[in-house]
Amino acid sequence: MIDILFYVFAAITLTSALLMVVSPNAVNSAMCMIVAFVGTAALFVLLEAYFLAVLQVLVYAGAVMVLFLFIIMLLDVDKETNQILKDKLTLSASIAGFALLVVLICSAFAGGQHLPETSLMPVMENPTGEGIGIPFTTSAKSFGYSLFTKYMLPFQVTGFLLLAGMIGVIVVSKKHSANS
Amino acid sequence: MNKLLIEFLSGYTATNQWAAILPEIMMGVLALCLLAAEMVLPKNRQAWVPRLAIWGQVLILMIAFGFVGRCSIGEFQYFSGLITQTDVTQIMRGFFLVSSIAVCYLGHIYLSKQTLPQTEFYALVLIISAGMMLLVQSTHFVMLFVALETVTVAFYVLVAYSRTSQFSLEAGLKYLILGALSSGILLFGIVLLYGIAGNPELLGASRDSLNYGELMNFVILNMNNMIVKIGALLVIAGVCFKIGAVPFQIWVPDVYQGAPTPVTAYLAVASKAAGFIVLIELVRGPFFGLQDFLVPVLSVIAAATILFGNIAAVAQRNVKRLMGLSGIAHAGYLLLGVIAVMRGVDWAVYAVIFYLVTYLLASFAVFGVMSIAAGEEDANQELDHYESFARKRPFLGGVLACGLGSLAGIPPLGGFIGKLFLFVAAFQAELYGLLIIAIVGVVISIYYYFGWIRECYFSSSSTAVVKDISCGATSSDRFLLGALTVASIVIGILPAALPIIR
């Protein structure tokens, strides 16, 4: 069952990724990119990485794509500008993509046919040395425990990071009245 | 289960001692207070915002030094290994506070000439200062990266702060793109190290492989591993971008020219200082085992940095670009100290800090004069504008001459002693080749620094003044600049006045 689902979602992801690259219309290719992201999220679900799947949908398919669409709409990139440059870019991109494909196929089929057997291990050890430690899982809860105990300080600093970014957007984009 | 879990999690929170980072927290709170104060204060009282920023920081400085008195020497780990406080980080705390106070003051001078939003500038400067304090304390790559990004993102904004100026926006864009690229390189290096050090197949693998201490043990056991080397190299490259060392220096002249002058000073002094302390902590901590590999790499970088910075600065007429390029050269001298640390000369750390302090005093004196002398568009400050500057403004001319002399390393001033300590450290580390290059670099630097001084004092054509220097210095300007100059001279005569060299 999972195998069939994997092939279905992998096909969806690959098809929409291909459509995204070849589509002449920028908005269409952005839409295809969303489908590719959602397909990847589905693959994450099949790997039981639920938290990653949720993040993939929320951050990439949600926030990042909205940003992309905004820029496409604002900049009006449909206009063809430099044909020679575009041809060169297409050529070099397809060469690079093909090379990557060759390397991936070679490494998948020639090198490691037998991936090592993986198992989930308890990666959180209690710094005080007492207790047994909770096993690492891929659920959001497990991330939350770390985030609000061990990584509390970076978590708080991230708040200031976002604040600095927000202030920056206001400063750079807002019109300032001359008489303050 | 629940009780067990709580017990387990409390193991992590046991070392979350927030009181240990009180100055950083207070800086953050002060930044928020400034933003609130702008909303609350009536329009005619907005001048209180810079005063609140500066005096608030002076208060924090006093409280922070009360801290140094209580826990000065020794290593203290907090936040389950994310942060380690040593005497070096305590000194740097004071360093960043002093530099952010000076930047706030210069920013006040700068903003009074422009129609730009005011409060956000001070808030961002404070956030950067707090971020850099955490950056030099961090002994965990997660903490390092978060603190570094906080500093960098706030700097993107500050560089592009003067949004009406083309230069500033161009500089902001360049800094954003190259800075993001360098963060990417750094992050890639960190991820490689994390992955390889967490591989249970390898000797010394760790569950907490981003921690400096754990990583250090792993790297010593696997020093010939290719991925470890590549990861370390990428991390070093990311840090080298921040300090402006040679293969990654292209952004420096443009960004230094385009950014508002106080921000240029902040980038030149505090950002570079933070980068160097991080570099020293990396080579003493996680990359301790890679000395044989990293010493030649950093030596080549240092030599290229010294030569490039000095030679490129010779032909430069724009003073902000000049300061940027000479800043590259200073980064090269400081790298000498870092290499000396790697070769086992432990006191070279203090030589680097001493040099940074003299660089702070001299640079802020020079940038202060530049802020006062700048006109409406402060990216276009040419050497010609300083024609017979000292005759018109004797005090500012004197401060400028002292600052430039200290940067060049002229004997009675602090910069000379700073260079001397660094070179002695390099000598003890047997870096003779690099030492010769550094001395050649210093000789070249005297040429262009004195070109500027000559322009101020001895320029012959007093008839054709290209642009009149707009406004004079107020008494508080004089106090600050005078204090910086006096401190430069006192340190030059009595190096022991600074409680760093023991």
Side-chain angles (χ1 to χ4, degrees), chain A residues 64 67 71 112 114-137 139-180, chain B residues 4-5 7-16 18 21 24-25 28 31-32 35 43 46 78-83 115-121 123-124 127-128 130-131 134 138 140 142-147 149-151 153-158 160-161 163-164 169 172 198 200-201 207-208:
Chain A
V64 172
L67 200 70
I71 291 169
H114 307 286
L115 287 173
E117 206 52 41
T118 55
S119 56
L120 291 181
M121 276 180 294
V123 294
M124 290 176 68
E125 276 176 307
N126 196 327
T128 54
E130 290 165 25
I132 33 100
I134 39 174
F136 178 76
T137 65
S139 68
K141 218 184 205 174
S142 172
F143 289 93
Y145 286 145
S146 300
L147 214 51
F148 284 95
T149 53
K150 185 176 177 186
Y151 296 104
M152 190 65 190
L153 180 61
F155 183 66
Q156 299 286 353
V157 175
T158 314
F160 276 94
L161 168 65
L162 296 178
L163 178 74
M166 211 164 69
I167 294 174
V169 170
I170 294 168
V171 165
V172 178
S173 65
K174 195 181 137 211
K175 273 213 173 69
H176 183 66
S177 54
N179 53 337
S180 60
Chain B
L4 199 68
L5 188 65
E7 216 168 85
F8 167 74
L9 291 177
S10 67
Y12 281 122
T13 50
T15 52
N16 284 10
W18 295 93
I21 54 163
E24 288 82 352
I25 294 173
L32 297 179
L35 293 177
K43 279 252 171 188
Q46 290 289 324
Y78 301 106
F79 293 92
S80 47
L82 293 188
I83 271 185
T115 51
L116 291 170
Q118 309 258 330
T119 319
E120 288 85 351
F121 184 90
L124 287 173
I127 290 177
I128 289 178
L134 285 175
S138 53
H140 193 281
V142 169
M143 193 62 230
L144 175 95
F145 191 71
V146 170
E149 277 306 280
T150 310
V151 171
V153 166
F155 261 128
Y156 298 151
V157 182
L158 282 186
Y161 199 82
R163 60 181 292 256
T164 47
L169 288 180
E201 307 268 305
R207 293 276 166 78
D208 191 11

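Just so it is clear, the structure is predicted and the values come from calculations on it, not from any experiment. Convention: sequence-line order gives letters A, B, ...; per-chain numbering from 1.
Heavy atoms only, all atoms of each residue included: R163(B) and S173(A) are closest at NH2-O, 3.9 Å. Heavy-atom minimum distance, V146(B) versus P154(A): CG1-O, 3.6 Å. Across all their heavy atoms, P117(B) and V171(A) have their closest contact at CG-CG1, 4.2 Å. Here the closest non-hydrogen pair linking V172(A) and A160(B) is CG2-O, 4.3 Å.
Separating the CG atom in L134(B) from the CD atom in Q156(A) is a distance of 11.5 Å, to the nearest 0.5 Å. Atoms CD and CG, from E24(B) and L153(A) in turn, are 9.0 Å apart once rounded to the nearest 0.5 Å. Atom CE of M152(A) is separated from atom CG of L82(B) by 12.0 Å, given to the nearest 0.5 angstrom. Atom-to-atom distance recorded for I127(B):CD1 and F160(A):CZ is 6.0 Å, nearest 0.5 angstrom.
E149(B) pairs with exactly one of T158(A), L161(A), V157(A) by the side chain to side chain contact (heavy atoms under 4.5 Å, CB included) rule, that one being L161(A).
Proximity to chain B is limited to the side chain of L163(A), based on heavy atoms less than 4.5 angstrom apart. In this structure, no portion of I128(B) lies under 4.5 Å from any heavy atom of chain A. With a 4.5 Å cut-off on non-hydrogen atoms, L158(B) does not touch chain A at all.
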